[in-house]
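These notes are about the structure you will find just below.
In each ligand, atom 1 is the first atom listed, and ligand 1 is the first ligand listed.
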Amino acid sequence: MKSIGELPRHVACVMDGNGRWAAQRSLPRTAGHEAAEAAVIDVIEAARSAGIKWLSLYAFSTENWRRPAGEVDILMRLVRRAIRKHAPALHARGVRCRFLGVSDPRIPPRLVQDITDLMTLTGDNRQMTLTVAFDHGGRRDIVEAARSLIRTATPAEQVTEASFAQHLPYPDTPDVDLVIRTSGEQRISNFMLWQVAYAEWVFPQVLWPDFRATHLWECLDAYRWRQRRFGDVRRPTTTTGEESR
Ligand code: IPE
Ligand code: IPE
Ligand code: MG
């Protein structure tokens with residue numbers, strides 16, 4: 001019989017399906033992005049109250065710059081509006097907010113300022129760490145880490161998986177345990193490639209704007225029944241080699 005595991009330490013969501021949600025209602029794609037906000041807020045609170053310590057949300061990829069300028073512009077506006085609206089509540093609930101990416105000069109300076117302000121405001125919070133992958137690309141992070149190693153003239157024999165990971169953004173972030181990708185798509189789309197190396201995946205058949213706390217519970221429940229082996233054949237272990245929690 002399978003053993004029931006515990007909560008994942010780090011849950012990451014690929015929030016997909018906004019455009020299809022809008023299309024089903026004969027609305028413009030941007031209406032789907034607008035409706036996504038409610039799901040984001042619900043999931044942050046549900047994860048926090050469930051005791052998840054690390055939550056990452058994929059909001060905008062380096063590839064999403066290929067979308068029509070009007071859609072990109074609305075996405076930037078919506079993210080800014082959401083930050084301004086929800087910053088006080090996130091802070092009051094002890095959520096530390098971080099952003100992964102945010103290096104492209106096309107991001108409006110006012111949005112960059114709001115992101116910086118939110119990270120400063122919530123930087124000492126420890127209830128949960130919310131990492132928003134925004135203008136994020138997993139390959140870019142790996143290339144940047146390689147550049148950083150070269151800049152520090154690290155001798156090749158000193159480059160290990162652990163030392164390499166220290167050059168990734170937010171190296172204190174634990175590996176992702178569970179990835180939830182909504183909408184039925186089953187691909188990585190360049191998301192946190194290093195950190196998802198041994199993640200479990202679930203693909204709920206729901207479009208992101210409809211995703212709510214109950215869907216998160218279902219995903220956590222599915223995770224509890226997974227046997228994580230990390231390549232071993234004996235007792236499951238964590239990526240750090242400790243015995244499973
Ligand atoms: C996810 O929804 C949001 C972003 C990628 C910004 P999509 O916009 O990809 O929605 P679909 O996949 O077209 O339905
Ligand atoms: C991945 O979704 C990016 C985000 C959810 C922000 P996409 O909809 O952009 O991915 P593809 O194009 O289907 O791979
Ligand atoms: Mg999509």
Legend entry - Q127, H86, E45, R48 screened by side chain to side chain contact (heavy atoms under 4.5 Å, CB included) with V95, the one that passes: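 Only match with V95 under side chain to side chain contact (heavy atoms under 4.5 Å, CB included): R48.
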
Is the shortest heavy-atom distance from the side chain of [X] to the side chain of [Y] under 4.5 Å?
| X | Y | value |
| --- | --- | --- |
| M192 | L100 | yes |
| N18 | L207 | no |
| R29 | I74 | no |
| L220 | P8 | yes |

Legend entry - Test item: protein heavy atom less than 4.0 Å from atom 12 (O) of ligand 2: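 No.
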
Inset, instruction - Measure the distances from the heavy atoms of R67 to every atom of ligand 2 and state whether one is below 4.0 angstrom. - result: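 R67: in contact with ligand 2 (<4.0 Å).
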
Inset, instruction - Determine whether the side chains of E71 and H33 contain a donor N or O and an acceptor N or O closer than 3.5 Å. - result: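 On atom types as modelled, these side chains qualify, holding a pair under 3.5 Å.
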
Legend entry - Flag for N125-H91: side-chain donor and acceptor within less than 3.5 Å: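 The answer is yes; a qualifying pair exists.
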
Inset, instruction - Report the member of V72, N64, N18 with the shortest heavy-atom distance to atom 3 (C) of ligand 1. - result: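 Minimum heavy-atom distance to atom 3 (C) of ligand 1 goes to N18.
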
Legend entry - Proximity winner for atom 10 (O) of ligand 2, if only heavy atoms of E185, H136, R181, E63 are counted: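 It is R181 whose heavy atom sits nearest to atom 10 (O) of ligand 2.
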
Legend entry - Distance below 2.8 Å from the Mg ion (ligand 3): protein N/O/S atoms: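 The answer, once waters are left aside, is D16 OD1.
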
Inset, instruction - Would you check the N or O atoms of L75, main chain and side chain alike, for any that come under 3.5 Å of an N or O of ligand 1? - result: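 In fact, backbone or side chain, L75 has no N or O that close.
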
Inset, instruction - Decide whether an N or O pair under 3.5 Å exists between W21 and ligand 1. - result: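 The answer is no, given that W21 and ligand 1 share no N or O pair closer than 3.5 Å.
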
Inset, instruction - Heavy-atom contacts with H33 under 4.0 Å: which atoms of ligand 1 show up? List them by number with element. - result: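 Contacts of ligand 1 toward H33, numbered from 1: 3 (C), 8 (O).
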
Legend entry - atom 5 (C) of ligand 2: the protein heavy-atom neighbour that sits closest, reported with distance to 0.1 Å: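 Atom 5 (C) of ligand 2 sits closest to the protein heavy atom M15 O, 3.4 Å.
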
Legend entry - Protein heavy atom at shortest distance from atom 14 (O) of ligand 2: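 Among all protein heavy atoms, the one nearest atom 14 (O) of ligand 2 is S189 OG, 2.6 Å.
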
Atom indices of ligand 2 within 4.0 angstrom of [X] heavy atoms, with elements:
| X | answer |
| --- | --- |
| V14 | 5 (C) |
| R187 | 11 (P), 13 (O), 14 (O) |
| F60 | 6 (C) |

Legend entry - Residues, nucleotides or ligands: over 12 heavy atoms within 6.0 Å of R66 CZ: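 At most 12 heavy atoms, drawn from other residues, nucleotides or ligands, come within 6.0 Å of this atom.
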
Legend entry - 4.0 Å heavy-atom contact, A59 with ligand 1: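 Yes, that is the case, since the closest heavy atom of the residue is under 4.0 Å from the ligand.
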
Legend entry - Residue-ligand contact G17/ligand 1, heavy atom below 4.0 Å: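 In this structure, G17 qualifies as a contact of ligand 1 - some heavy atom is under 4.0 Å.
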
Inset, instruction - Give me the one residue out of R139, R140, E63 that meets side chain to side chain donor-acceptor pair (under 3.5 Å) with N190. - result: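 With N190 as partner, side chain to side chain donor-acceptor pair (under 3.5 Å) holds for just one option, E63.
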
Legend entry - salt bridge (Lys or Arg N to Asp or Glu O under 4.0 Å) against E200, all qualifying residues, sequence neighbours excluded: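 E200 satisfies salt bridge (Lys or Arg N to Asp or Glu O under 4.0 Å) with R226, R228 only.
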
Legend entry - All pairs passing salt bridge (charged side-chain N to carboxylate O under 4.0 Å, His left out) where residues 111-121 contributes a residue, at least two apart: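 Residue pairs with at least one partner in residues 111-121: R80-D114, R84-D114.
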
Inset, instruction - For residues 149-187, pull every pair meeting ring-ring contact (aromatic ring centres under 6.0 Å, His included), keeping only residues two or more places apart or in separate chains. - result: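 Qualifying pairs, neighbours excluded: F164-W194.
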
Inset, instruction - Decide whether an N or O pair under 3.5 Å exists between D16 and ligand 2. - result: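 Right, the criterion is met.
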
Legend entry - Parallel, tilted or perpendicular: rings of H136 and Y58 (30°, 60°):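 Answer is perpendicular, since the angle exceeds 60°.
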
